[in-house]
Amino acid sequence: MIDLRLVRENPDLVRASQRARGDDESLVDTLLAADAVRREGVKRVDDLRGEQKAASQAVKKASPEERPAVLERAKALAAEVKAVEEEQREADAALRAAHLKIANVVHDDVPPGGEDDAVTLRTVGEVPAYDFPVRDHLEIGEALGAIDMERGAKVSGSRFYFLTGPGALLEFALAQLAISRAVAAGFTPVIAPALVKPTAMEGTGFLGEHDEEVYRIERDDLYLVGTSEVAIAGMHADEVLDLSQGPKRYAGWSSCFRREAGSYGKDTRGLIRVHWFDKVEMFSFCAPEDAAAEHLRLLQWEEEFLQALELPYRVVDIAAGDLGTSAARKFDIEAWFPTQGTYRELTSTSDCTTFQARRLAIRYRDAEGKNQTAATLNGTLCAIARTIACLLEVHQRSDGSVHVPVALRPWLGGVEALTPGMTLAAPVPTA
RNA sequence: GGAGGCUUCGCCUAGUCCGGUCUAUGGCGCCGCACUGCUAAUGCGGUUUGGGUUAAUCCCCAUCCCGGGUUCAAAUCCCGGAGCCUCCGCCA
């Protein structure tokens, strides 16, 4: 939810944001009108309730002969309050509905345009040249005995997979590397629930336009998270945080589930786009004035992780029309996929400013001791399945082996390469 | 799955049986002031969170886990739900 005060005081700013996103500008006026109606109503109800309260007090003080008349008046007022309260409930609901329809106000520096208008900020690392026909990650993974899509489909359907042998070890190696780097950077590691209540899902903005993407467990009224962001944001719902020592940072591991509705035919091969994968996600709670700087820090940690994996990538600044509901700004990191001859999204970081926190009632005490809405930010440290796909492709060699980045070796028993038919090394770090 | 108990303004706690005096008690913590060479101690005052209104103060409304209900009036009575705890059953 955006800040209502901002809408009242500077509606043009919000209108401009709606235009930039390609959203309906008139929603701002709907919201303003609903706000005015509600406030008018609140005053009426409050005053009336005050009167009724006084009347009620008068009942017990009334002398026996006054009593019937006083009681009559109190009864009449009570009935009136009840009626007006009903109207007010409708006004509250109307305001809430209008409020929820407006996405976060975009950051000033966000590039204009839509999906194709992301601005490349920088390109890092050399795109490798291969003097042999490159194979895609699935072909490589199958040869290594690392990925089994066929049996994944047999057991769970399309877009499911088994990671086996070196593939399974790679998953743990990546998770260990991600978590240990995050811990070294001061993040609190957390294993988050993958099933959450509707409030958590709604609070993070995933039940709006994107609810098609989300798995719902109807019988128990729970949702499978698409990212641990949902659970971690919800973790501090209805709390007042102490941010006086700086941002509160979590690195969350969880499985992620996505229906991929509407992506039929897209990335149907391999691990690029699957219904389930595991992910290490960074999440940060901070004061709103620190959010933009924190966003750049998250981006930096993401970049350093890809550098550790020796993957070439580029950083793109996502255009206004392609931002998620909650994000005021978003950077994606796209890594090179040789078989596609292009960069594909591997990680993403969003500054949600106070948008999520307002709905989830996540606050902090400012320097004056007043409660303020916090800002939330999230960033992928490692989306494991897609990262495995990228690693296998980029680091493939002509003999069918795959180079293992130095940073991953401690968690793969020190091996320098994955080779078809190899005896697996025990993934025990030496000292 | 079954039975019972608990949930009060940061923490602990009184109040709930028997509705109005609750504008919620007390302690701890915290903030301010006074006293004091300093610290401590002591004394006095303040200290839930939202919303409305206002230039600001004042004031008004809501808030005793949540949602309904009864009543002129609910922390208190009734119904439903959540969370926590104990016991039984089942289970990785």
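As the structure is a computational prediction, the values presented were derived from the model and not from experiment. Chain naming here is simple, since letters A, B, ... match the order of the sequence lines and numbering starts at 1 in each.
Counting to the nearest Å, the P atom of B:rC60 and the CG atom of A:L48 are 16 Å from each other. The separation between A:K43 atom NZ and B:rC59 atom P is 16 Å, rounded to whole Å. Taking atom CD of residue A:E9 and atom P of nucleotide B:rA55, one finds them 13 Å apart after rounding to whole Å. When the P atom of B:rG50 is taken as reference, atom CZ of A:R49 falls 19 Å away, rounded to whole Å. The separation between A:D238 atom CG and B:rU63 atom P is 18 Å, rounded to whole Å. Look at CG on A:L77: it is 15 Å from C1' on B:rU71, rounded to the nearest Å. In this structure, A:L95 atom CG and B:rG50 atom C1' are separated by 15 Å, rounded to whole Å. Between the NZ atom of A:K75 and the C1' atom of B:rA73 there is a distance of 12 Å, given to the nearest Å.
Across all strands, A:V59 comes closer than 4.0 Å to base atoms (heavy-atom distances). Within 4.0 Å of A:K82, counting heavy atoms only, lie sugar-phosphate atoms of the nucleic acid but no base atom. Within 4.0 Å (heavy atoms only), A:E72 reaches no atom of the nucleic acid at all. A:R38 comes within 4.0 angstrom of the backbone, heavy atoms only, and of no base. The residue A:A78 sits close only to the backbone: its heavy atoms come under 4.0 Å of sugar-phosphate atoms, none of a base.
Counting only heavy atoms from C-beta on, A:R363 has its side chain closest to B:rG50 among B:rG52, B:rG50, B:rA73. When the nucleotides B:rC60, B:rA73, B:rG51 are ranked by their closest atom to the side chain of A:S56, B:rA73 comes out on top. The nucleotide whose nearest atom lies closest to any side-chain atom of A:D46 is, among B:rC61, B:rG52, B:rG20, B:rC61.
A 3.5 Å limit on both hydrogen-bonding distances identifies no Watson-Crick or G-U partner for B:rA24. A 3.5 Å limit on both hydrogen-bonding distances identifies B:rC85 as the Watson-Crick or G-U partner of B:rG4. The nucleotide B:rC44 finds its pairing partner in B:rG32, both defining distances of the Watson-Crick or G-U wobble pair being shorter than 3.5 Å. Nucleotide B:rA14 forms no Watson-Crick or G-U wobble pair with any nucleotide shown, as no partner meets the under 3.5 Å limit on both distances. Nucleotide B:rC90 forms a pair with no other nucleotide shown, judged by Watson-Crick or G-U wobble geometry with both contacts under 3.5 Å. With both pairing distances under 3.5 Å, B:rC77 is matched to B:rG69 as a Watson-Crick or G-U wobble pair. When both pairing distances are held under 3.5 Å, B:rA56 makes no Watson-Crick or G-U pair with any nucleotide shown.
When only modelled atom types and interatomic distance are considered, A:E294 and A:S284 share a side-chain donor-acceptor pair under 3.5 Å. With 3.5 Å as the limit, one finds no donor-acceptor pair spanning the side chains of A:T354 and A:D3.
When the P atom is used for both B:rC31 and B:rU49, the distance is 16 Å, rounded to whole Å. Of the C1' atoms belonging to B:rA24 and B:rU47, the separation is 15 Å, rounded to the nearest Å. With both ends at atom C1', the span from B:rG52 to B:rU63 equals 15 Å, rounded to whole Å. Spacing between B:rG1 and B:rG51 at atom P, rounded to whole Å, works out to 39 Å. Distance noted for atom P between B:rG83 and B:rG29: 35 Å (whole Å). Straight-line distance between the C1' atoms of B:rU36 and B:rG43: roughly 13 Å, to the nearest whole Å. B:rG89 and B:rG10 are spaced 40 Å apart, taking the C1' atom of each and rounding to whole Å. Here the separation of B:rA82 from B:rC66, taken at their C1' atoms, is 7 Å to the nearest Å.
Salt bridge present: A:R49 and A:E85 bring a charged side-chain N and a carboxylate O closer than 4.0 Å.
One finds no side-chain N or O of A:K60 lying less than 4.0 angstrom from the OP1 or OP2 phosphate oxygen of B:rG20. Close to B:rG20, at under 4.0 Å from its OP1 or OP2, lies no side-chain N or O of A:Q57. Side-chain nitrogen and oxygen atoms of A:K53 include none within less than 4.0 Å of the OP1 or OP2 phosphate oxygen of B:rU23. Regarding contacts with the backbone of B:rG51, every side-chain N or O of A:R39 stays at 4.0 angstrom or more from both OP1 and OP2.
Closest-nucleotide positions on RNA chain B for A:R67 and A:E51 were compared, and the one nearer the 5' end corresponds to A:E51. Between A:A74 and A:R89, the residue anchored nearer the 5' end of RNA chain B, judged by the nucleotide with its closest heavy atom, is A:R89.
Test A:T353, A:D317, A:T349, A:N104 against A:R329 for side-chain hydrogen bond (donor to acceptor under 3.5 Å, both in side chains) and you get one pass: A:D317.
Counting heavy atoms from C-beta on, the side chains of A:L346 and A:C390 come closer than 4.5 Å. At a threshold of 4.5 Å between non-hydrogen side-chain atoms, the residues A:V81 and A:Q52 count as touching.
Shown here for A:I140 and A:R135, the closest heavy-atom pair between the two residues is CD1-O, 3.4 Å.
Formation of a donor-acceptor pair under 3.5 Å by the A:H137 side chain with backbone atoms of A:L271 is found in this model.
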